[in-house]
Amino acid sequence: MPGAEDPGFPAYHASRSGGLAELDLRVSGCRACPRLVAWREEVAEGKRAAFRDWEYWGRPVPGFGPPDATVAVVGLAPAAHDRTGRMFTGDATGDFLFVALHALGLASQPTSVDAGDGLTLRGVRLTSPVHCAPPANRPTPAERDTCRPWLAAELELLSPGLRAVVVLGGFGWQALLPVLADAGWRLPRPRPAFAHGAHVVLPATERRQELHLLGSYHPSQRNTFTGRLTMPMLTEVLREAAGIGGLGT
(Lines give C-alpha, C1' and ligand atoms only; values in the text may rest on other atoms or scores of the structure.)
Protein backbone atom coordinates (compact mmCIF):
# COMPACT_ATOMS: atom_id res chain seq x y z
CA MET A 1 0.00 0.00 0.00
CA PRO A 2 1.38 3.48 -0.82
CA GLY A 3 2.67 5.57 2.06
CA ALA A 4 1.21 8.87 3.26
CA GLU A 5 3.60 10.87 1.08
CA ASP A 6 2.71 8.95 -2.07
CA PRO A 7 0.17 10.68 -4.39
CA GLY A 8 -1.57 7.30 -4.73
CA PHE A 9 -2.39 7.28 -1.03
CA PRO A 10 -5.91 8.70 -0.38
CA ALA A 11 -4.98 10.87 2.58
CA TYR A 12 -2.07 12.36 0.62
CA HIS A 13 -4.66 14.79 -0.70
CA ALA A 14 -6.02 15.73 2.74
CA SER A 15 -3.80 18.76 3.25
CA ARG A 16 -4.49 19.86 -0.32
CA SER A 17 -8.22 20.24 0.25
CA GLY A 18 -9.50 23.78 -0.26
CA GLY A 19 -12.13 23.57 2.48
CA LEU A 20 -14.08 21.21 4.69
CA ALA A 21 -16.60 20.36 1.98
CA GLU A 22 -13.80 19.18 -0.31
CA LEU A 23 -12.10 17.34 2.54
CA ASP A 24 -15.32 15.57 3.53
CA LEU A 25 -15.87 14.42 -0.04
CA ARG A 26 -12.38 12.97 -0.19
CA VAL A 27 -12.73 11.26 3.18
CA SER A 28 -15.94 9.52 2.10
CA GLY A 29 -14.14 7.95 -0.87
CA CYS A 30 -11.11 6.58 1.01
CA ARG A 31 -10.33 2.85 0.65
CA ALA A 32 -6.86 2.83 2.22
CA CYS A 33 -7.41 0.17 4.91
CA PRO A 34 -8.47 -3.23 3.48
CA ARG A 35 -9.73 -4.64 6.80
CA LEU A 36 -11.94 -1.62 7.44
CA VAL A 37 -13.25 -1.50 3.89
CA ALA A 38 -14.22 -5.17 4.06
CA TRP A 39 -15.90 -4.79 7.44
CA ARG A 40 -17.91 -1.65 6.69
CA GLU A 41 -19.19 -3.14 3.42
CA GLU A 42 -20.05 -6.47 5.08
CA VAL A 43 -22.06 -4.70 7.78
CA ALA A 44 -23.82 -2.45 5.27
CA GLU A 45 -24.83 -5.48 3.24
CA GLY A 46 -25.88 -7.74 6.12
CA LYS A 47 -27.53 -5.05 8.27
CA ARG A 48 -28.98 -5.43 11.74
CA ALA A 49 -32.47 -6.94 11.75
CA ALA A 50 -33.99 -3.78 13.28
CA PHE A 51 -32.61 -1.73 10.37
CA ARG A 52 -33.33 -4.19 7.57
CA ASP A 53 -35.30 -1.61 5.56
CA TRP A 54 -32.80 1.22 6.07
CA GLU A 55 -30.06 2.20 3.66
CA TYR A 56 -26.68 2.07 5.37
CA TRP A 57 -23.97 4.65 4.75
CA GLY A 58 -21.32 1.94 4.26
CA ARG A 59 -18.45 4.36 3.56
CA PRO A 60 -15.95 6.37 5.59
CA VAL A 61 -17.81 8.93 7.69
CA PRO A 62 -16.53 12.52 7.39
CA GLY A 63 -16.70 15.09 10.15
CA PHE A 64 -20.02 16.82 10.75
CA GLY A 65 -20.64 20.42 11.71
CA PRO A 66 -20.12 23.99 10.47
CA PRO A 67 -16.79 25.12 8.99
CA ASP A 68 -16.58 28.01 11.48
CA ALA A 69 -16.94 25.76 14.54
CA THR A 70 -15.09 26.99 17.62
CA VAL A 71 -15.42 23.64 19.42
CA ALA A 72 -14.48 20.20 18.09
CA VAL A 73 -15.60 16.92 19.63
CA VAL A 74 -13.24 14.02 18.88
CA GLY A 75 -14.27 10.42 19.48
CA LEU A 76 -12.90 7.06 18.40
CA ALA A 77 -14.52 5.89 15.14
CA PRO A 78 -17.98 5.81 13.51
CA ALA A 79 -20.68 3.33 14.48
CA ALA A 80 -21.01 0.26 12.27
CA HIS A 81 -24.75 0.68 11.75
CA ASP A 82 -24.67 4.32 10.61
CA ARG A 83 -27.61 5.26 8.39
CA THR A 84 -26.97 9.01 8.25
CA GLY A 85 -23.40 9.52 7.06
CA ARG A 86 -22.81 11.60 10.20
CA MET A 87 -20.30 11.05 12.94
CA PHE A 88 -21.69 9.67 16.24
CA THR A 89 -24.86 8.14 14.82
CA GLY A 90 -26.14 4.60 14.53
CA ASP A 91 -25.85 3.42 18.13
CA ALA A 92 -26.52 4.37 21.74
CA THR A 93 -23.30 6.40 21.93
CA GLY A 94 -24.63 8.94 19.46
CA ASP A 95 -28.06 8.94 21.07
CA PHE A 96 -26.47 9.94 24.38
CA LEU A 97 -24.22 12.61 22.84
CA PHE A 98 -26.92 14.32 20.78
CA VAL A 99 -29.21 14.60 23.80
CA ALA A 100 -26.41 16.44 25.62
CA LEU A 101 -25.65 18.71 22.66
CA HIS A 102 -29.31 19.56 22.23
CA ALA A 103 -29.73 20.32 25.94
CA LEU A 104 -27.00 22.94 25.58
CA GLY A 105 -28.43 24.46 22.41
CA LEU A 106 -25.57 23.12 20.30
CA ALA A 107 -27.74 20.73 18.23
CA SER A 108 -31.07 21.59 16.63
CA GLN A 109 -32.62 18.32 17.80
CA PRO A 110 -31.77 15.53 20.28
CA THR A 111 -31.71 12.74 17.69
CA SER A 112 -29.90 11.92 14.45
CA VAL A 113 -31.75 9.17 12.62
CA ASP A 114 -31.92 10.13 8.96
CA ALA A 115 -29.67 12.08 6.60
CA GLY A 116 -32.62 14.28 5.68
CA ASP A 117 -33.94 14.97 9.17
CA GLY A 118 -32.70 18.57 9.19
CA LEU A 119 -30.23 18.22 12.05
CA THR A 120 -27.75 21.09 12.36
CA LEU A 121 -25.03 21.87 14.88
CA ARG A 122 -24.18 25.31 16.26
CA GLY A 123 -20.50 26.11 16.64
CA VAL A 124 -19.49 22.43 17.06
CA ARG A 125 -17.77 20.01 14.68
CA LEU A 126 -17.84 16.25 15.38
CA THR A 127 -14.97 14.10 14.13
CA SER A 128 -12.72 11.16 15.04
CA PRO A 129 -9.20 9.81 14.47
CA VAL A 130 -10.57 6.87 12.43
CA HIS A 131 -13.26 7.45 9.81
CA CYS A 132 -14.37 3.85 9.19
CA ALA A 133 -16.23 1.64 11.64
CA PRO A 134 -13.75 -1.03 12.84
CA PRO A 135 -14.56 -4.63 13.86
CA ALA A 136 -15.31 -4.81 17.61
CA ASN A 137 -14.89 -1.02 17.64
CA ARG A 138 -11.11 -1.49 17.80
CA PRO A 139 -9.02 0.10 15.09
CA THR A 140 -5.40 -1.02 14.89
CA PRO A 141 -2.53 1.43 15.48
CA ALA A 142 -1.71 1.16 11.77
CA GLU A 143 -5.28 2.08 10.80
CA ARG A 144 -5.21 5.02 13.21
CA ASP A 145 -1.96 6.28 11.71
CA THR A 146 -3.17 5.78 8.14
CA CYS A 147 -6.21 7.92 8.92
CA ARG A 148 -4.24 10.60 10.78
CA PRO A 149 -3.78 13.00 7.82
CA TRP A 150 -7.56 13.42 7.56
CA LEU A 151 -7.83 14.59 11.18
CA ALA A 152 -4.78 16.81 10.81
CA ALA A 153 -6.23 18.50 7.73
CA GLU A 154 -9.61 18.96 9.41
CA LEU A 155 -8.07 20.66 12.45
CA GLU A 156 -5.93 22.80 10.15
CA LEU A 157 -9.03 24.03 8.34
CA LEU A 158 -10.82 24.67 11.64
CA SER A 159 -7.81 26.29 13.34
CA PRO A 160 -8.58 29.97 12.60
CA GLY A 161 -11.61 29.82 14.88
CA LEU A 162 -11.02 26.70 16.96
CA ARG A 163 -10.89 27.42 20.70
CA ALA A 164 -11.59 24.09 22.41
CA VAL A 165 -11.48 20.36 21.70
CA VAL A 166 -13.46 17.85 23.74
CA VAL A 167 -11.96 14.36 23.50
CA LEU A 168 -14.22 11.41 24.26
CA GLY A 169 -12.11 8.59 25.64
CA GLY A 170 -8.46 7.64 25.96
CA PHE A 171 -8.07 6.35 22.39
CA GLY A 172 -9.08 9.70 20.91
CA TRP A 173 -6.85 11.54 23.41
CA GLN A 174 -3.76 9.54 22.52
CA ALA A 175 -4.49 9.80 18.81
CA LEU A 176 -5.05 13.56 18.94
CA LEU A 177 -1.93 14.64 20.84
CA PRO A 178 0.60 13.95 18.04
CA VAL A 179 -1.72 15.61 15.53
CA LEU A 180 -1.79 18.77 17.63
CA ALA A 181 1.98 18.70 18.09
CA ASP A 182 2.56 18.30 14.35
CA ALA A 183 0.11 21.15 13.69
CA GLY A 184 2.21 23.58 15.71
CA TRP A 185 0.73 23.58 19.21
CA ARG A 186 3.16 23.08 22.11
CA LEU A 187 2.26 20.13 24.33
CA PRO A 188 3.36 20.07 27.96
CA ARG A 189 6.06 17.60 29.01
CA PRO A 190 5.34 14.96 30.03
CA ARG A 191 2.40 14.74 27.68
CA PRO A 192 -0.89 15.16 29.56
CA ALA A 193 -2.68 11.99 30.57
CA PHE A 194 -6.31 11.36 29.74
CA ALA A 195 -8.91 11.65 32.47
CA HIS A 196 -12.50 12.66 32.70
CA GLY A 197 -12.50 16.36 33.51
CA ALA A 198 -8.93 16.85 32.29
CA HIS A 199 -8.35 20.41 31.07
CA VAL A 200 -5.09 21.29 29.37
CA VAL A 201 -4.37 24.71 27.90
CA LEU A 202 -2.02 24.72 24.91
CA PRO A 203 -0.48 28.20 24.75
CA ALA A 204 -0.58 30.40 21.68
CA THR A 205 2.38 30.29 19.31
CA GLU A 206 3.37 32.35 16.31
CA ARG A 207 1.17 30.08 14.17
CA ARG A 208 -1.55 29.03 16.58
CA GLN A 209 -3.90 30.66 19.05
CA GLU A 210 -4.45 29.26 22.51
CA LEU A 211 -6.33 25.96 22.49
CA HIS A 212 -8.15 24.24 25.37
CA LEU A 213 -8.13 20.45 25.45
CA LEU A 214 -10.85 18.84 27.59
CA GLY A 215 -11.34 15.15 28.37
CA SER A 216 -14.51 13.16 28.95
CA TYR A 217 -15.19 9.47 29.29
CA HIS A 218 -16.52 8.06 26.04
CA PRO A 219 -20.35 7.81 26.00
CA SER A 220 -20.24 4.10 25.20
CA GLN A 221 -22.98 1.88 26.52
CA ARG A 222 -20.49 0.28 28.88
CA ASN A 223 -19.75 3.66 30.44
CA THR A 224 -23.29 5.04 30.48
CA PHE A 225 -25.00 1.84 31.65
CA THR A 226 -22.59 1.45 34.56
CA GLY A 227 -22.83 5.10 35.57
CA ARG A 228 -19.17 5.77 34.92
CA LEU A 229 -20.39 8.55 32.65
CA THR A 230 -23.67 10.26 33.44
CA MET A 231 -25.54 12.85 31.40
CA PRO A 232 -24.68 15.65 33.88
CA MET A 233 -20.98 14.68 33.67
CA LEU A 234 -20.92 14.88 29.88
CA THR A 235 -23.04 18.01 29.77
CA GLU A 236 -20.72 19.79 32.18
CA VAL A 237 -17.65 19.14 30.02
CA LEU A 238 -19.49 20.23 26.87
CA ARG A 239 -20.80 23.32 28.66
CA GLU A 240 -17.27 24.29 29.67
CA ALA A 241 -16.05 23.87 26.10
CA ALA A 242 -18.98 25.88 24.75
CA GLY A 243 -18.14 28.73 27.10
CA ILE A 244 -14.53 28.74 25.95
CA GLY A 245 -15.71 28.68 22.34
CA GLY A 246 -17.99 31.68 22.84
CA LEU A 247 -21.12 29.56 22.44
CA GLY A 248 -22.67 30.63 25.76
CA THR A 249 -25.39 28.21 26.80
Supply the members, apart from Phe171, of the Ile/Leu/Val/Met/Phe/Trp/Tyr cluster built from side-chain contacts under 4.5 Å; use none for a lone residue.
Leu36, Leu76, Val130
Is it true that a side-chain atom of Thr70 and a backbone atom of Gly245 form a donor plus acceptor pair closer than 3.5 Å?
yes
Under a single-linkage rule joining Ile, Leu, Val, Met, Phe, Trp and Tyr whose side-chain heavy atoms are separated by less than 4.5 Å, which residues share a cluster with Val37?
none
Measure the spacing between CG of Leu20 and CG of Leu158 and express it to the nearest 0.5 Å.
5.0 Å
Ignoring hydrogens and angles, write down the donor-acceptor pairs under 3.5 Å from the side chains of residues 184-198, residues two or more places apart or on other chains.
from   : atom 1 : to     : atom 2 : distance (Å)
Trp185 : NE1    : Gln209 : O      : 2.9
His196 : ND1    : Tyr217 : N      : 3.0

Step through the shown structure and confirm whether more than 12 heavy atoms of other residues, nucleotides or ligands are within 6.0 Å of CZ on Arg222.
no
Quick check: does any side chain N or O of Glu22 sit under 3.5 Å from a backbone N or O of Gly18, one acting as donor and the other as acceptor?
yes
My understanding is that only residues two or more places apart in sequence, or in another chain, count here; which of them pass ring-ring contact (aromatic ring centres under 6.0 Å, His included) with His212?
His199
Quick check: do Ser17 and Arg26 have side-chain heavy atoms less than 4.5 Å from each other?
yes
Can you name the nearest heavy-atom pair linking Leu162 to Ala164, along with the distance?
CD1-O, 3.7 Å
Check: Leu168 and Phe88 side chains under 4.5 Å, non-hydrogen atoms:
yes
Does the Thr93 side chain pair with the main chain of Pro219, one donor and one acceptor, at a distance under 3.5 Å?
yes
Going by the salt bridge (Lys or Arg N to Asp or Glu O under 4.0 Å) test, which pairs reach into residues 151-160, not counting sequence neighbours?
Arg125-Glu154, Glu156-Arg207, Glu156-Arg208
Of all pairs that satisfy salt bridge (Lys or Arg N to Asp or Glu O under 4.0 Å), the ones with a partner from residues 63-90, not counting sequence neighbours:
Arg86-Asp117
Spacing of SG belonging to Cys132 relative to CD belonging to Glu41, to within rounding of 0.5 Å:
9.0 Å
Find the distance between CZ (Arg40) and SG (Cys33) and round it off to the nearest 0.5 Å.
9.0 Å
Please report the closest heavy-atom contact between Phe98 and Pro110, naming both atoms and the distance.
CB-O, 3.5 Å
Kindly give the heavy-atom pair with the smallest separation between Ala14 and Leu23, and that separation in Å.
O-CD1, 3.7 Å
